[in-house]
Amino acid sequence: MCEHYSPKEIEKKWQKIWDEEKAFAAGRDKSKPKFYALVEFPYPSGQGLHVGHPRPYTALDVIARKRRMEGYNVLYPMGWDAFGLPTENYAIKNKIHPTIVTKNNIERFKQQLKSLGYSFDWDREIATTDPNYYKWTQWIFLQFFKKGLAYKAEMPINWCTSCKVGLANEEVVGGVCERCGSEVVRKVKSQWMLKITAYADRLIDDLELVNYIEKVKVSQINWIGRSVGAEVEFAIAGKEDSLRIFTTRPDTMFGATYMVISPEHPLIDKYKDEIKNYDELIAYREQAAKKSDFERAELAKDKTGVQIDGLTAINPATGKEIPIWISDYVLMSYGTGAIMAVPAHDERDWEFAKKFNLPIVEVVAGGNVDEAAYTATDSGKLVNSGFLNGLEVEQAKEKMVEWLEQKGIGRKKVNYKLRDWVFSRQRYWGEPIPIVHCEKCGYVPIPEEELPLMLPDVESYEPTETGESPLAKISDWVETTCPKCGGKAYRETDTMPNWAGSSWYYMRYIDPHNDKAFADKEELDYWLPVDWYNGGMEHTTLHLLYSRFWHKFLYDLGLVSTPEPYMKRTSHGMILGENGEKMSKSRGNVVNPDDIVNEYGADTLRTYEMFIGAFDLHAAWSSEGVRGCRRFLDRVWKLKDMLADDENYSKALEIKMHQTIKKVSSDYESMKYNTAIAAMMGLVNEFYKAGSVTRGELKTLLLLLNPVAPHITEELWELIGGQGRIYQQSWPVYDESKTVEDTVEIAIQINGKVKASMAIALDEKQESVQTRALELDSIKAVVASKTIVKVIYVPNKILNIVVK
RNA sequence: GCAGUCGUGGCGGAAUUGGCAUACGCGCUAGACUAAGGAUCUAGUCCGGGUUAAACUGGGUACGGGUUCAAGUCCCGUCGACUGCACCA
């Protein structure tokens, strides 16, 4: 028995067997506890799999395989997020139908994923582009529409002046079109919107129900950007009119010495005739509009603005007349597009006031407002503030809001940075929006029994000159009848964004072939929520937020029973090129997983990607490192030639065995795969040192290694005559009492410096340890001429003798 | 600019509650095996002094300070890297 380890044969063999045995099919035995592991499904691009893909897939494959061995009914599915721009662009360029392109790409991806031996339940494979799938994406959209959460609004799109095409944000690079390099401007278009803002509070508050890694929670909260404050009407002097502002600091209202409105604010045109410097204001507005977002940010430090000549406002707190300015640091898109400026307690207002010499009035004591704005809210009492004087900031806020409400000129108000979701794309390769526009009845949903509304074939996938979707050119598809009145109507020609299909795919995996519902309620109740979801940080604020929103909406309709879709969310770091830079074709540092599988085998690739470093941090590829992992598997392979026929652990390694089981088990759970593998390497080194390994020891090692390297362990299991398949075995258990030696080596320090080490009995008392330590030659010599001040003893760790 | 994460050998990276810094892997060096090379096995490998070899000894976790019997770990400051946000009232 000494044939060579040949992953090529072994891996194909076991992949075939697992397939035939349906080894990883979920849902057979519902009396078992369930475990739903999920990884973000890939976009099947033309380039095929990238070495970045296997990192998260392997990580959760390890968890899924371990859970099965622990007796869970495990669902670990895979599918394709297949709508998307690259496919469409490829189709345009090569004149191939996107359906064909997608089919080919999926085939390639699937074959590559299969070659890596993942324990996906392939019977549940789904693709967002499959009409049987997008039927239900459209169905869910109709529910949004029926509840008034899908609506039409005029929204700007990115418009390339040269290509005459609407661009996705990702296609606009540095303010110019990614493809032709010409200027991109904003063009207003009527678009479908989803009212995600209606769920803003719950999307924040319900984060308490789930176990997401901290940085994911923080970025979701920041993205939603909830701030609590007040809305206040400032009367315009000499008019019946008022200017509405939003502030988070109503307590500082006595310090509001001027106002600022955004350059686009409608007030300017409303009082055009009374404003003496109207031309100057318009010039400023045009200048501001020309600035790209980038420039606006660059100039952030230097405030600009123009005072409106001819209009002033009244500060309702002081009753004083104050000037109104326009400036581009106030955004029309947030709050009301107007602010009260309190230069003493807001940094931007302070800078602006300094530049234009506007009065700064301190209303919260504690800082030096001549030097800088004092923005602290947790210390300092109100001053110069009439009825608020002497109050703390928080009390003053409440009192001011109370006062405003009594006067009827203000109220408590919550604002969000989160905007409603623009749900239209002027593209071909997406789900058609199942709505028709009837001149008489307005927007009418198509009847649910007519779903799916299929994408029609077109000659060309290029968007039109006017920015309409290519669907607009197919008049016999566009022209239809109104489902309500039977009159003439037109179909919506925009399609959905690629975030649509991915917002609910985890539910379709649960019941992928259902044609009566998006999934059966009983099945949903059994499997939901997803127990562990891993994905990239780049999806935290879009995909993750969107799908939580859809889930909550379906929860409100009673269609799912859990308020949150995902119980636990973790995130992986990127795999960088060998030079430490992001892998890309142009940098020439791309590693193809197929090459690694061919040269070393899938088990080596899997092991290496788990060993490469901390899972949540970026890691640079190293071909030397890959070889090291292959060497490790070779060493494991050869253990079968060192086998001693004994089902038990050897006396010498018993403790090491129990320690390793404990370490590997807990490291997998906390995604510290690198140290788990290091522990197994250490164990293998021990076997080599001993010159032999018992059958019991080898079996345990194989079980521990199986989730990471499933093929080689399955093969060895068979070779050494293990019962059944290794995937059917139970996860090894350890005995806590056998993880500790009965003697331990401790360090003896003098003044914190290690001077000697000594073996002691486990939990030996300080007195006896100290006596013996003081008898050691190296200690005696030092201590003799000094006096002992203090002795610190940490049981089983260290003895520190402090001398003078 | 703000927020977050981080900074450990030649390299990737380990280090529960503060308790023997550098586990594991790569690379390198030497030896064994070999006709030879590769592969493999064994030993060594933080830096410096010291020694035939050891013993022994000084320094050491970006930099400067602090707390502590004891700091990679905690606190303050500085520098650098990465990520996210970018005037959000």
Side-chain angles (χ1 to χ4, degrees), chain A residues 4 214-215 218-219 222-223 225-227 229-230 245-250 252 256 259-260 262 293-294 296-303 327-331 333-342 345-349 351-352 415-418 537-538 540-541 573-574 576 578 580 607-608 611-614 616-629 631-632 634-635 638 663 666 672 674-685 688-689 691 745-757 778 789-803:
Chain A
H4 271 263
E214 199 54 29
K215 60 178 174 178
V218 168
S219 53
N222 289 344
W223 187 262
R226 175 163 65 186
S227 56
I245 61 106
F246 172 74
T247 178
T248 54
R249 297 291 305 274
T252 62
M259 298 185 81
V260 186
S262 137
D293 291 348
F294 182 69
R296 262 169 100 143
E298 278 293 283
L299 300 169
K301 290 154 230 154
D302 198 18
K303 297 274 179 292
S327 173
D328 61 7
Y329 84 86
V330 174
L331 309 173
S333 58
Y334 183 78
T336 62
I339 62 160
M340 66 173 195
V342 185
H345 306 288
D346 180 281
E347 277 169 33
R348 290 150 306 162
D349 296 347
E351 276 172 43
F352 193 82
N415 251 327
Y416 304 93
K417 284 192 225 175
L418 183 69
M537 274 311 285
E538 70 275 20
T540 303
T541 48
M574 238 190 306
L576 306 171
E578 199 126 16
T607 307
Y608 175 63
F611 188 61
I612 193 167
D616 57 333
L617 300 178
H618 297 332
W621 187 265
S622 152
S623 19
E624 299 295 342
V626 177
R627 260 209 292 282
C629 287
R631 206 170 293 162
F632 166 61
D634 279 328
R635 278 163 75 81
K638 284 188 291 191
K663 171 97 181 132
S666 72
K672 290 160 92 175
N674 53 339
T675 50
I677 291 169
M680 290 186 281
M681 287 171 166
L683 186 62
V684 170
N685 291 346
Y688 273 74
K689 244 177 236 161
E745 195 81 1
I746 66 159
I748 312 296
Q749 298 180 329
I750 291 185
N751 289 348
K753 293 211 175 260
V754 179
K755 292 289 168 189
S757 68
S778 50
V789 183
K790 195 172 174 186
V791 177
I792 286 113
Y793 178 57
V794 182
N796 307 324
K797 285 264 165 69
I798 209 159
L799 182 81
N800 188 13
I801 303 165
V802 186
V803 297

Note to self: From NZ of A:Lys755 over to C1' of B:G58, roughly how many Å is that when rounded to an integer?
What the structure shows: 11 Å

Margin query: Within the 4.0 Å heavy-atom criterion, would you say A:Thr248 contacts the bases, only the backbone, or no part of the nucleic acid?
Written below: sugar-phosphate

Checklist line | Rounded distance (Å) that lies between atom P of B:A70 and atom NZ of A:Lys790 | finding: 9 Å

Next item on the list: Could you measure between the two P atoms, the one in B:C24 and the one in B:U45, and give it in whole Å?
Entry: 12 Å

Check: With a non-hydrogen cut-off below 4.0 angstrom, is A:Ala338 in contact with a base, only sugar-phosphate, or nothing?
Finding: nothing

Checklist line | Given B:A89, B:C69, B:C26, the nucleotide with the shortest approach to the side chain of A:Val330 | finding: B:A89

Item checked: Spatial distance of atom CD1 (A:Ile612) from atom CG (A:Leu617) [nearest 0.5 Å] -> 11.5 Å

Item checked: Atom pair CG (A:Asp616) and NZ (A:Lys672), whose distance is rounded to the nearest 0.5 Å -> 10.5 Å

Notebook entry, point to check: Picking from B:C41, B:A89, B:C85, which would you name as closest to the side chain of A:Arg635?
Noted result: B:C41

Check: Can any side-chain N or O of A:Asn751 pair as donor or acceptor with the backbone N or O of A:Val803 at less than 3.5 Å?
Finding: yes

Check: Rounding to a whole Å, what distance do you find between A:Lys417:NZ and B:C85:P?
Finding: 11 Å

Check: Between B:G1 and A:Arg348, is there an OP1 or OP2 to side-chain N/O distance shorter than 4.0 Å?
Finding: no

Notebook entry, point to check: In whole Å, what is the span from the CG atom of A:Asn415 to the P atom of B:A89?
Noted result: 8 Å

Check: If you measure from the C1' atom in B:A54 to the same atom in B:G49, how many Å do you get, rounded?
Finding: 15 Å

Item checked: Under 4.0 Å protein heavy-atom contacts per nucleotide of nucleotides 4-10 of chain B, with B for base, S for backbone only and - for none -> -------

Checklist line | NZ-OG distance between A:Lys417 and A:Ser333, expressed to the nearest 0.5 angstrom | finding: 11.5 Å

Note to self: Run A:Arg348 and A:Glu351 through salt bridge (Lys or Arg N to Asp or Glu O under 4.0 Å) and show every step you take.
What the structure shows: CA-CA 5 Å; A:Arg348 290 150 306 162; A:Glu351 276 172 43; over 6 Å; no

Item checked: Integer angstrom distance from the P of B:C74 to that of B:G48 -> 31 Å

Check: Could you go step by step and tell me if A:Asp346 and A:Arg249 meet the side chain to side chain contact (heavy atoms under 4.5 Å, CB included) rule?
Finding: CA-CA 9 Å; A:Asp346 180 281; A:Arg249 297 291 305 274; over 6 Å; no

Next item on the list: Could you tell me whether A:Ser219 contacts a base, only the sugar-phosphate backbone, or nothing, with contacts defined as non-hydrogen atoms closer than 4.0 Å?
Entry: nothing

Next item on the list: For A:Gly225, answer base if it contacts any base atom (sugar-phosphate contacts may also be present), sugar-phosphate if it contacts only those atoms, and nothing otherwise; contact means non-hydrogen atoms under 4.0 Å.
Entry: nothing

Next item on the list: Determine whether more than 12 heavy atoms belonging to other residues, nucleotides or ligands lie under 6.0 Å from atom CD of A:Glu347.
Entry: no

Item checked: Inter-nucleotide P distance (B:A62, B:A21), Å rounded -> 16 Å

Check: Can any side-chain N or O of A:Tyr608 pair as donor or acceptor with the backbone N or O of A:Ser623 at less than 3.5 Å?
Finding: no

Check: Between the main-chain N or O of A:Ile798 and the side-chain N or O of A:Gln749, is there a donor-acceptor pair closer than 3.5 Å?
Finding: no

Note to self: Would you say that A:Arg635 contacts A:Asn685 through its side chain, given a criterion of any heavy-atom pair below 4.5 Å between the two side chains?
What the structure shows: yes

When you compare the protein's N or O atoms with those of nucleotides 43-50 of chain B, which come within less than 3.5 Å of each other, and at what distance?
none

Next item on the list: Would you please enumerate the stems RNA chain B participates in, each stem being three or more consecutive Watson-Crick or G-U wobble pairs with both distances under 3.5 Å?
Entry: B:1-7 with B:79-85, B:10-12 with B:24-26, B:27-32 with B:40-45, B:46-49 with B:56-59, B:62-66 with B:74-78

Checklist line | Spacing of A:Arg627 atom CZ relative to B:C28 atom C1', expressed in whole Å | finding: 14 Å

Check: Can B:G13 be described as syn, meaning its chi torsion is within 90° of 0, or is it anti?
Finding: anti

Checklist line | Atom pair distance, as rounded to whole Å: CG in A:Asp328 and C1' in B:A86 | finding: 14 Å

Next item on the list: Could you give me the CA-CA distance, side-chain angles and deciding distance for A:Phe611 and A:Met681, then say whether side chain to side chain contact (heavy atoms under 4.5 Å, CB included) is met?
Entry: CA-CA 11 Å; A:Phe611 188 61; A:Met681 287 171 166; 3.9 Å; yes

Margin query: As an exercise, state the distance from CG of A:Asp328 to NZ of A:Lys303, rounded to the nearest 0.5 Å.
Written below: 8.5 Å

Next item on the list: Would you name the heavy atoms of A:Ser227 and A:Tyr334 that are closest together and state the gap between them?
Entry: OG-OH, 2.9 Å

Item checked: P atoms of B:A70 and B:C20, separation to the nearest Å -> 15 Å

Could you go over nucleotides 37-39 of chain B and give all protein N or O partners under 3.5 Å, atom names and distances?
none

Next item on the list: For B:A71 versus B:G18, give the span between their C1' atoms, rounded off to a whole number of Å.
Entry: 6 Å

Check: Distance from A:Lys797 atom NZ to A:Glu745 atom CD, nearest 0.5 Å?
Finding: 14.5 Å

Notebook entry, point to check: In B/S/- notation, 5' to 3', how is nucleotides 16-24 of chain B contacted by protein heavy atoms closer than 4.0 Å?
Noted result: -B-BB--BB

Check: Given atom CG of A:Leu418 and atom C1' of B:C88, what is their separation to the nearest angstrom?
Finding: 13 Å

Notebook entry, point to check: Taking the side chain from A:Asp349 and the backbone from A:Val342, do they hold a donor-acceptor pair closer than 3.5 Å?
Noted result: yes

Notebook entry, point to check: Is the closest side-chain heavy-atom distance between A:Met340 and A:Thr252 below 4.5 Å?
Noted result: yes

Check: Which part of the nucleic acid does A:Ser333 contact within heavy-atom distance under 4.0 Å: base, sugar-phosphate only, or nothing?
Finding: nothing

Next item on the list: Can you sort out the partners of A:Trp223 under ring pair (Phe, Tyr, Trp, His ring centres under 6.0 Å), two or more places apart, ordered by chain and number?
Entry: none

Notebook entry, point to check: Distance between the C1' atoms of B:C2 and B:G58, in whole angstroms?
Noted result: 45 Å

Note to self: Just so I know, are the side chains of A:Tyr329 and A:Ile339 near enough to count as touching, which here means a heavy-atom distance under 4.5 Å?
What the structure shows: yes

Check: Atom CZ of A:Phe632 and atom P of B:C41: how far apart are they, to the nearest Å?
Finding: 13 Å

Notebook entry, point to check: If you measure from CD on A:Glu214 to OG on A:Ser219, what distance do you get to the nearest 0.5 Å?
Noted result: 10.0 Å

Check: What nucleic acid atoms does A:Tyr688 come within less than 4.0 Å of, heavy atoms only: base, sugar-phosphate, or nothing?
Finding: sugar-phosphate

Note to self: Rounding to an integer number of angstrom, what distance separates B:U22 and B:G80 when you compare their C1' atoms?
What the structure shows: 23 Å

